[in-house]
Amino acid sequence: FVGMLPSRHKQSQGRQSQLRMMAKLPKVAVMVNGLPGAMGKEVAAACLRRGLEVCSVGLTGPQVDEECVDVDDGEGGKPQTIRLVKGPVTGAGDEECDARLQGLVAGYRESGTRLIAVDYTHPTAVNPNGMLYARHKMDFVMGTTGGDRDKLLKDVEEAGIYAVIAPNMAKQIVALQAGLETMAGTFPGAFEGYNLRVVESHQSSKADTSGTAKALIASFGTLVGKPYKVEDVIAMIRDREGQLEFGVPEAGLGGHAFHTYQLLSPDGSVEFQFRHNVVGRRIYAEGTVDALTYLAQQHGPDKKVFNMVDVLKAGAMK
Ligand SMILES: NC(=O)C1=CN([C@@H]2O[C@H](COP(=O)(O)OP(=O)(O)OC[C@H]3O[C@@H](n4cnc5c(N)ncnc54)[C@H](OP(=O)(O)O)[C@@H]3O)[C@@H](O)[C@H]2O)C=CC1
Ligand SMILES: O=C(O)C1=N[C@H](C(=O)O)C[C@H](O)C1
């Protein structure tokens, strides 16, 4: 693997070094994990559009038979072939995956390039992959939702690596999240007695309840004055008929995130609604590149684990 390391796209490398000089970025390569999944492809495309080098190896899942996948910038640019390696499945370490990563990480280190992983895989892969990055001291951006988030944080902190971990990378949704956190911190109990109801619709292949909705109900809980259990307030829509009825356009059935948060006063006379509806996935991929660019500039010893609110507050989202 070491021999086939950084991509040889001369034109794109020229653009990369130009952008690096402008932004004073260290040399960075991105390992996209979760290929050939929907977000993996979107993120690879966004990296190529924005001049980040994409590593020629990426992790894949247990059900994928292909050995390689082509990614491109989504705008007619030259495709790049990524070799797929099965990610760890047990969390105890998968020998082949570890051996391959070891060579890869060492090769990039020798070439003075910071290799950062981006993870858009599966809720069951969050902790095994987090442990893998910890073992190999690889910084990462974790977009995958679900898993044991406390364990993920603990593993990362113990390994002393840098990470951005967030259930939503879309700038405007991160701003809503930050705004609600501020509102809840400033006016706890302002909605005392109100009833919260959350409906989220996603493509039928989505394995878990929305990580974004889970994050937002924490703030709503403070506003209402009582913590919520996910299963008590969040209704999921994953079926075609329900999705269309909820307003998802036919073209968005394969990839969408429609969320409505409703707060209703006890007598039903006052209603608040917060709604964010996204068709497609490009917005998250662009935010992921912002997170990568931000992470690439982090070297300090004090704070090493960030979320997207940190990235937004730092003014690092385009
Ligand atoms: N933070 C954010 O802004 C966003 C987060 N997401 C989250 O990203 C995740 C992925 O979403 P999406 O791309 O739509 O899902 P997809 O199912 O399209 O893609 C996931 C891919 O990851 C593979 N995979 C499974 N396990 C592993 C592993 N251990 N290592 C590497 N790859 C693995 C899957 O393979 P196989 O088919 O074999 O399982 C599949 O190819 C979800 O958790 C989703 O909620 C999505 C959008 C935005
Ligand atoms: O699976 C998705 O598609 C998405 N997942 C994230 C979540 O669980 O909140 C973000 C967004 O909703 C898209």
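Both ligands and their constituent atoms are indexed starting at 1 by order of listing. Index from 1, following the sequence. As the structure is a computational prediction, the values presented were derived from the model and not from experiment.
- Looking only at distances, no side-chain donor or acceptor of Gln298 sits under 3.5 Å from a matching main-chain atom of Tyr162.
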Compile the donor-acceptor pairs under 3.5 Å between side chains in residues 215-228 and protein atoms, sequence neighbours left out, one pair per line.
{"residue": "Thr222", "atom": "OG1", "partner": "Ala218", "partner atom": "O", "Å": "3.3"}

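- Applying the 4.0 Å criterion to heavy atoms of Thr144 picks out, from ligand 1, the atoms 8 (O), 43 (O).
- The pair Arg114-Asp139 meets the salt-bridge criterion, since a charged nitrogen lies less than 4.0 angstrom from a carboxylate oxygen.
- The two residues Ala117 and Met138 have their closest heavy-atom pair at CB-CE, 3.7 Å.
- Taking the six-membered ring where the residue is Trp, His256 and His202 present parallel rings, their angle staying beneath 30° rather than reaching 60°.
- A donor-acceptor pair is defined here as one N or O able to donate and one able to accept, closer than 3.5 Å; no such pair exists between the side chain of Ser201 and the backbone of Gln243.
- When the options Thr60, Val85, Thr145 are ranked by their closest heavy atom to atom 32 (N) of ligand 1, first place goes to Thr60.
- Close approach of ligand 1 to Ala166 is summarised as follows: ligand atoms under 4.0 Å from at least one heavy atom of the residue are 1 (N).
- For atom 14 (O) of ligand 1, a protein heavy-atom neighbour is found at a distance under 4.0 Å.
- Ligand 1 is approached by Asn129 to a heavy-atom distance shorter than 4.0 Å.
- Protein heavy atom at the shortest distance from atom 9 (C) of ligand 1 is Thr121 O, 3.8 Å.
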**OP:** Starting from the C-alpha separation in whole Å, work towards a yes-or-no answer on side-chain contact (heavy atoms from CB on, under 4.5 Å) for Val309 and Val174.
**Re:** CA-CA 6 Å; Val309 176; Val174 178; 4.0 Å; yes
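- Aromatic ring centroids of His276 and Tyr261 lie under 6.0 Å apart.
- The nearest protein atom to atom 8 (O) of ligand 1, hydrogens excluded, is given as Tyr120 CD2, 3.2 Å; this is a heavy-atom distance.
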**OP:** Would you sort out whether Arg50 and Lys318 count as a side-chain contact (heavy atoms from CB on, under 4.5 Å), showing the intermediate values?
**Re:** CA-CA 11 Å; Arg50 287 176 52 184; Lys318 286 193 185 299; 3.4 Å; yes
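- For a threshold of 3.5 Å applied to N or O pairs, the pair formed by Met169 and ligand 1 contains at least one separation below that value.
- Taking every heavy atom of Pro88 and a limit of under 4.0 angstrom, the matching atoms of ligand 1 come to 29 (N).
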Does ligand 2 have any N/O atom under 3.5 Å from a protein N/O, and what are those pairs and their distances?
{"residue": "ligand 2", "atom": "1 (O)", "partner": "Lys206", "partner atom": "NZ", "Å": "3.2"}
{"residue": "ligand 2", "atom": "3 (O)", "partner": "Gln203", "partner atom": "NE2", "Å": "2.9"}
{"residue": "ligand 2", "atom": "5 (N)", "partner": "Lys206", "partner atom": "NZ", "Å": "3.4"}
{"residue": "ligand 2", "atom": "8 (O)", "partner": "Lys206", "partner atom": "NZ", "Å": "2.8"}
{"residue": "ligand 2", "atom": "8 (O)", "partner": "Gly211", "partner atom": "N", "Å": "2.8"}
{"residue": "ligand 2", "atom": "9 (O)", "partner": "Ser210", "partner atom": "OG", "Å": "2.7"}
{"residue": "ligand 2", "atom": "9 (O)", "partner": "Gly211", "partner atom": "N", "Å": "3.2"}
{"residue": "ligand 2", "atom": "9 (O)", "partner": "Thr212", "partner atom": "N", "Å": "2.9"}
{"residue": "ligand 2", "atom": "9 (O)", "partner": "Thr212", "partner atom": "OG1", "Å": "2.5"}
{"residue": "ligand 2", "atom": "12 (O)", "partner": "His202", "partner atom": "NE2", "Å": "2.7"}

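- Ligand 1 has no nitrogen or oxygen under 3.5 angstrom from a nitrogen or oxygen of Ala170.
- Shown in contact with Pro167 at under 4.0 Å from a heavy atom are these atoms of ligand 1, numbered in order with element: 1 (N), 2 (C), 3 (O), 4 (C).
- A salt bridge does not link Arg100 to Asp98: none of the charged side-chain nitrogens sits closer than 4.0 Å to a carboxylate oxygen.
- Residue contacts with ligand 1 do not include Gly211, since none of its heavy atoms lies under 4.0 Å from the ligand.
- Between Gly146, Ala125, Gly34, Ala257, it is Gly34 that holds the heavy atom closest to atom 21 (C) of ligand 1.
- Shown in contact with Met39 at under 4.0 Å from a heavy atom are these atoms of ligand 1, numbered in order with element: 13 (O), 46 (C), 47 (C).
- For ligand 1 and Lys206, the ligand atoms under 4.0 Å from any heavy atom of the residue are 44 (C), 45 (O).
- Of all the listed residues (Gly87, Gly143, Gly147, Gly40), Gly143 holds the heavy atom that lies closest to atom 7 (C) of ligand 1.
- Using modelled atom types, one side-chain atom of Arg49 and one backbone atom of Asp73 make a donor-acceptor pair closer than 3.5 Å.
- Close contacts between ligand 1 and Arg281 involve ligand atoms 14 (O) [criterion: under 4.0 Å to a heavy atom].
- Electrostatic pairing of Asp150 and Lys154 does not count as a salt bridge here, judged by no charged N lying under 4.0 Å from a carboxylate O.
- On a distance-only criterion, Tyr284 and ligand 1 share no N/O pair closer than 3.5 Å.
- Remark: distances from the non-hydrogen atoms of Pro62 to ligand 1 include one below 4.0 Å.
- Using a 4.0 angstrom heavy-atom cutoff, Gly58 does not count as in contact with ligand 1.
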